[in-house]
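Read the structure below first, then the notes.
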Amino acid sequence: MEDEVYLFHQFLYPMNLFINKIINLLESEISLPPDKIGALLEQPPDNKMGDYALPCFSIAKQLRKNPQDIAAELSQKLVPNDTIVQITATGPYLNFHVAKPLLFRTVLEEIASTGASYGNSLIGKDKTIIIDYSSPNIAKHLAVHHLRSAVIGNAIYNLFKALGYRCIGINHLGDWGTQFGQLIVALKRWGSNFAITSKRNSFEEDSTKQETLTVNKLNELYVTFHKEAKTDKNLEEEAREWFKKLEDGDNEAKETWQHFKEISMLEFDRVYKRLGITFDSYAGESFYNEMLDDTVKRIKDSGLTEISEDALVVNLEKFNMPPCILRKRDEASLYATRDICAAEYRKREYHFDKMVYVVGSEQRLHFRQFFKVLEQMGYEWVDTCAHADFGLVKFKQGKMSTREGKVILLEDLLEESYKIAREIIEEKNPDLENREEVAENVGIGAIIFSELCTKRVKDVLFDWDVILNFDGETGPYVQYTHARMCSILRKYGESVTTSVDYNLLKEDDEIVLIKQLEGFPFAISRAADNYEPSILSNHLLDLCSTFNRYYQHHRILTDDNELRKARILLIDAIRQVIQNGLSILGLKSPERM
RNA sequence: GCGCCCGUAGCUCAGAAGGAUAGAGCGACGGUUUCCUAAACCGUAGGCCAGAGGUUCGAAUCCUCUCGGGCGCACCA
């Protein structure tokens, strides 16, 4: 038990040359294996106290001695060396001071030589991860509540890419289900003026007499359906019949559905492109139609199913969950059926080592049920599947609902943010050359970053003023900091070199900065492990904040030649790290703004 | 009713598998621009970490209960 805890810890503070030296020193004095010593080490809250600390409480317990005394004794016994230059006892803590020039050199040379790949690792070499994200329903607009899954999923994709994983991003389109029956009914009743043709042969049609169907119009039809369905009870039944026809391969149903899908994808791609989000597969729910029977048969054969209220279900009572429904009364499938089927398919097709679903937390129960069914089917790999859930987007008026037609469209939000960025540039930097491009990068960046800077689980209240704020802890702040550094480097003009006097870097803020740079790879791996991009965005914010303070109080382009060279190297490293981080989060790093 | 999640400054949130004094941003108030981009920086104010017990050398962090909020609970996804 204890051992496991220690092992876990080890991961927290990755080994580096300084920790190794500290362990070497301690080994002879403490009767603990090296990895356990390493696990005990932590970082003091204030840099002035030291760089690494050994809390002596647990040792005190073993030796039945006072932790203060142990720290004091050890500080006497241990002999500093070229790497660990000072060892002091502060109360029950033994604090180690690292040779700062060596620290600067190690980190700055590493960043200079690895560049855009600083922070990457090979942990995921030869491993595959599937990330299921965005996954909107077709025939509906992308609205602001669709943003989270797409943006968080994209960041998780990039995080694992940085760890060396082979990543498969899947947009599991909601292109199947009863709502298409509803839409077909709606279209037949109230939309006879629309042309239903596949895009590819639409030019053959007499389009002058018929209106073109758009997602907008589909949305209106959907709203109408639900409004009418409240009074006309036949509608729901009719919709169910049409969906059944669709599942049975009825031509008319299928062609109509295909058309819905095409016009939807046209819109989605426009938004994804603007957000810089891509997928490796668009295999949505309909993709699994033909495989559904096999999946259901397998579940049946494992003896897991029963008929309850005329539906085919897996009873999960003993797991304290409601049953997982596989087939409705009318034999039609449900999303759980399709999710199980998709998981099996993905395992067969991609042999993934991990699979993560970036889906809202309102579906928690669904994932618990569906994972439980996989487990009951004997798939041990269910343990490698995770639901990276996220909180709801709420509005002052309450939850947003497509059914009632109350939505804020994603495209409108992006456009608004672009416009604001554009205005700010006009005001602050009117001579900027590629204004449109920068405004796009900053405007979109503001929106992406705002989704990524708090932990997933938090519900977010949508507020135009908050999401379109460009001051403080925001994407534009990070981008601005980056642009500032680019500006310094431009002004410097010469090429950056690692042949500098590292002894000259000794300001407090420089030390804080170098540690933040050193911690960047760790921030990436923690963010990936927890499927939590906010760990990375917060790391970047901290780094920017330290830099801006430093920038305010110290001149980088000083008259002192050697100092200037050293500081420029530091600045270039920060710039690189911010760029790497922003790129993982899905933001551009403009050089001027 | 049952289950899951959340509760840290006026607001929005950080808080490294329990550690040294609780940190930002926004908002408020007051400062900084002949000086590398003021989308910045500095200062002031603001806290019983929802509450109560427990675990231990030590708790915002782990356990139990209470209160408050969100979400979910059979043929939608």
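Every chain is numbered from 1 and lettered A, B, ... according to where its sequence line falls, protein lines coming before strand lines.
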Students often get this wrong, so: under 4.0 angstrom with heavy atoms, is [X] touching a base, only sugar-phosphate, or nothing?
{"X": "A:R549", "value": "sugar-phosphate"}
{"X": "A:P55", "value": "nothing"}
{"X": "A:I325", "value": "base"}
{"X": "A:I425", "value": "base"}
{"X": "A:A60", "value": "nothing"}
{"X": "A:N95", "value": "base"}
{"X": "A:R368", "value": "sugar-phosphate"}
{"X": "A:M485", "value": "nothing"}
{"X": "A:G91", "value": "nothing"}
{"X": "A:E591", "value": "base"}
{"X": "A:F57", "value": "base"}
{"X": "A:P44", "value": "base"}
{"X": "A:M321", "value": "nothing"}
{"X": "A:V313", "value": "base"}

Nearest-angstrom distance from the residue atom [atom1] of [X] to [atom2] of [N]:
{"X": "A:R148", "N": "B:C71", "atom1": "CZ", "atom2": "P", "answer": "14 Å"}
{"X": "A:L41", "N": "B:G18", "atom1": "CG", "atom2": "P", "answer": "15 Å"}
{"X": "A:H145", "N": "B:G70", "atom1": "NE2", "atom2": "P", "answer": "19 Å"}
{"X": "A:F470", "N": "B:G27", "atom1": "CZ", "atom2": "C1'", "answer": "19 Å"}
{"X": "A:D175", "N": "B:A77", "atom1": "CG", "atom2": "C1'", "answer": "12 Å"}
{"X": "A:H366", "N": "B:A74", "atom1": "NE2", "atom2": "P", "answer": "14 Å"}
{"X": "A:N137", "N": "B:C76", "atom1": "CG", "atom2": "C1'", "answer": "9 Å"}
{"X": "A:K372", "N": "B:G72", "atom1": "NZ", "atom2": "P", "answer": "23 Å"}

**Q.** Qualifying residues under side chain to side chain donor-acceptor pair (under 3.5 Å), relative to A:E237, sequence neighbours excluded
**A.**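 Scan of A:E237 (side chain to side chain donor-acceptor pair (under 3.5 Å), adjacent residues dropped) gives A:R240.
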Does [Y] offer a backbone N or O that forms a donor-acceptor pair with the side chain of [X] under 3.5 Å?
{"X": "A:R567", "Y": "A:E510", "value": "no"}
{"X": "A:R564", "Y": "A:L557", "value": "no"}
{"X": "A:D459", "Y": "A:L392", "value": "yes"}
{"X": "A:H141", "Y": "A:V215", "value": "no"}
{"X": "A:S134", "Y": "A:S149", "value": "no"}

Work out how far the [atom1] atom of [N] is from that of [M], and round it to whole angstrom.
{"N": "B:G25", "M": "B:A9", "atom1": "C1'", "answer": "12 Å"}
{"N": "B:A16", "M": "B:U61", "atom1": "C1'", "answer": "12 Å"}
{"N": "B:C62", "M": "B:G30", "atom1": "C1'", "answer": "44 Å"}
{"N": "B:A60", "M": "B:A20", "atom1": "P", "answer": "10 Å"}
{"N": "B:G58", "M": "B:C65", "atom1": "P", "answer": "24 Å"}
{"N": "B:G7", "M": "B:A17", "atom1": "P", "answer": "16 Å"}

Q: For A:G174 and for A:Y480, find the nucleotide of RNA chain B with the closest heavy atom, then tell me which residue's nucleotide is more 5'.
A: A:Y480
Q. When the nearest nucleotide of RNA chain B is assigned to A:S135 and to A:P323 on a heavy-atom basis, which residue is associated with the more 5' position?
A.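 First, find each residue's nearest nucleotide; the 5'-ward one identifies A:P323.
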Tabulated below should be each protein N or O lying under 3.5 Å from an N or O of nucleotides 5-14 of chain B; please produce it.
from: B:A14; atom 1: OP1; to: A:K455; atom 2: N; distance (Å): 2.9

What nucleotide, of [options], holds the atom closest to the side chain of [X]?
{"X": "A:Q363", "options": "B:A77, B:A16, B:A40", "answer": "B:A77"}
{"X": "A:P45", "options": "B:A20, B:U21, B:G3", "answer": "B:A20"}
{"X": "A:R338", "options": "B:A77, B:U37, B:A38", "answer": "B:A77"}

Q) When syn is taken as a glycosidic angle within 90 degrees of 0, is B:A17 syn or anti? A)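 Syn for B:A17; the angle stays within 90° of 0.
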Q) Passes side-chain contact (heavy atoms from CB on, under 4.5 Å), A:I568 versus A:I488? Steps please. A) CA-CA 8 Å; A:I568 279 292; A:I488 297 170; 4.0 Å; yes
Q) In a check of salt bridge (Lys or Arg N to Asp or Glu O under 4.0 Å) between A:R435 and each of A:E427, A:E423, A:E426, which one passes? A) A:E426
Q: Specify the residues of residues 550-570 of chain A, ordered by number, for which at least one heavy atom lies under 4.0 angstrom from an atom of RNA chain B.
A: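 Contacting residues: A:Y551, A:Q552, A:H553, A:H554, A:R555, A:I556, A:L557.
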Q. Reading RNA chain B 5' to 3', how would its secondary structure be written in dot-bracket notation, given Watson-Crick and G-U pairs with both distances under 3.5 Å, brackets [ ] for crossing pairs and | for partners on other strands?
A. (((((((..((((.....[...)))).(((((.......))))).....(((((..]....))))))))))))....
At under 4.0 Å, does any side-chain N or O of [X] touch on OP1 or OP2 of [N]?
{"X": "A:S361", "N": "B:C71", "result": "no"}
{"X": "A:Y335", "N": "B:A77", "result": "no"}
{"X": "A:Y477", "N": "B:C41", "result": "yes"}
{"X": "A:R484", "N": "B:A39", "result": "no"}

Q. What residue pairs, at least two apart or across chains, pass side-chain hydrogen bond (donor to acceptor under 3.5 Å, both in side chains) with a residue in residues 470-479 of chain A?
A. A:Y477-A:N548
**Q.** Pairs satisfying side-chain hydrogen bond (donor to acceptor under 3.5 Å, both in side chains), at least one member in residues 437-451 of chain A, at least two apart
**A.**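 Every pair satisfying side-chain hydrogen bond (donor to acceptor under 3.5 Å, both in side chains) with a residue in residues 437-451 of chain A: A:R148-A:E451, A:R274-A:E440, A:N434-A:E437.
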So [X] and [Y], would you call those rings parallel, tilted or perpendicular, with 30° and 60° as cut-offs?
{"X": "A:Y335", "Y": "A:H366", "result": "parallel"}
{"X": "A:H554", "Y": "A:Y550", "result": "tilted"}
{"X": "A:Y357", "Y": "A:F367", "result": "tilted"}

**Q.** Among A:I325, A:I299, A:I340, the one residue meeting side chain to side chain contact (heavy atoms under 4.5 Å, CB included) with A:V314
**A.** A:I299
Q: Classify the side-chain pair A:N137/A:Y222 by whether it contains a donor and acceptor separated by less than 3.5 Å.
A: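 The answer is no; no qualifying pair exists.
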(Q) Go through it in stages, so that I can follow the logic: the residues are A:R575 and A:L489, the test is side-chain contact (heavy atoms from CB on, under 4.5 Å), and I'd like the CA-CA distance, side-chain angles, deciding distance and then a yes or no. (A) CA-CA 10 Å; A:R575 181 203 58 73; A:L489 290 161; 3.5 Å; yes
